[in-house]
Amino acid sequence: VADGADQPARPTRRGPGRLLVTVYGIFALSAGARSAVQLGTKFHDAPLAYLLSAFAAVVYVVATVSLALASETSRRVAYVAISIELAGVLAVGTASLLDSRAFPEATVWSSYGSGYGFVPLVLPFVGLWWLRRSGSRNMPMLPLGK
Amino acid sequence: VNSGVERAVVVVSLVPALWALVRVLRNKGIDMVMLIGAAVVEVAVLVQLVVGIVSLVGSHRDVATLTFLGYLVGAVLIPPFGVAWGVGEKNRYGSAVLLVVFLVIAVMVLRLDQIWAGPRG
């Protein structure tokens, strides 16, 4: 990572970001392990749900790594990953309520992550807030609120 | 599984969690007490791993074996990463990392108990 203009004013891994990366990392581990078990042992029971589960795991891994890095590129990747995460938890959460048979409690995002204390629903909002906040000094075109 | 070991792991992780909470509130980073707490937790989850595998081998019940193993191994992996990551931040957020780690370990023990108790996914 080079010094200078490419460096954001506050790396996403510092301060509250340190805690955020921890929570994302735990979800990456949890979703990844869960998905590995599903794909390895009972993929044909519910292919769509288990593929979504694997997709969620990948999203968490990408979000964790990109938040833990400190470049302008990693920040952009984190924005994309967390936006997808938000869309995913909302879409899968809603779909799992509408058609519970299609999602037999199979992904972290089912019922908006109720199996994980709704942390999967809250996490992307916190993530986007943190990206915005930690990067605001580097984006003079945005209102700074002061 | 072995309720004695489980109870020990929960206690051993919740006590340093309380101290971590104090450090968070005081805006202090990880100190020696928390490092020792994390080391004790690590020893406890290692014992839990061994006892869990022995129980698994000796049991003929319908346990979700892979999931069970995943939780046992995951609990062993998380504390070292938490310490390495948390010490990099010399303020409340460093302590908050370990606070989350200690709480997650306690929750994982409860999940282990559920997985052992019932046939489920």
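Labels below follow one simple rule: chain letters A, B, ... track the order of the sequence lines, proteins then strands, and each chain is numbered from 1. No experiment lies behind these values; they were computed from the predicted model shown.
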Contacts table for residues 114-121 of chain A: side-chain donor-acceptor under 3.5 angstrom, sequence neighbours left out:
{"unit_1": "Tyr116(A)", "atom_1": "OH", "unit_2": "Arg34(A)", "atom_2": "NH1", "d": "2.6"}

Legend entry - Phe81(B), CZ atom: more than 12 neighbouring heavy atoms under 6.0 Å: no
Inset, instruction - Find out if a path of hydrophobic residues (ILVMFWY) with successive side-chain heavy-atom gaps under 4.5 Å connects Ile36(B) to Val33(B). - result: yes
Legend entry - Ser30(A), part contacting chain B, at a heavy-atom distance under 4.5 Å: neither
Legend entry - Separation of Ile78(B) CD1 from Thr22(A) OG1 (nearest 0.5 Å): 10.5 Å
Legend entry - Segment of Ala68(A) engaging chain B (4.5 angstrom heavy-atom cut-off): both
Legend entry - Sequence neighbours excluded, every pair satisfying salt bridge (charged side-chain N to carboxylate O under 4.0 Å, His left out) that has a member inside residues 14-27 of chain A: Arg14(A)-Glu89(B), Arg18(A)-Glu89(B)
Inset, instruction - Please flag which part of Val104(B) lies under 4.5 Å from any non-hydrogen atom of chain A: side chain, backbone, both or neither. - result: side chain
Inset, instruction - Heavy atoms only, distances under 4.5 angstrom: which of Gly94(B), Gly74(B), Gly82(B), Gly88(B) has the most pairs with chain A? Name it, please. - result: Gly88(B)
Inset, instruction - Check each atom of Leu19(A) against the heavy atoms of chain B and say whether the ones under 4.5 Å are side chain, backbone, both or neither. - result: both
Legend entry - Within one Ile-Leu-Val-Met-Phe-Trp-Tyr cluster: Leu99(B) and Leu110(B), side-chain cutoff 4.5 Å: no
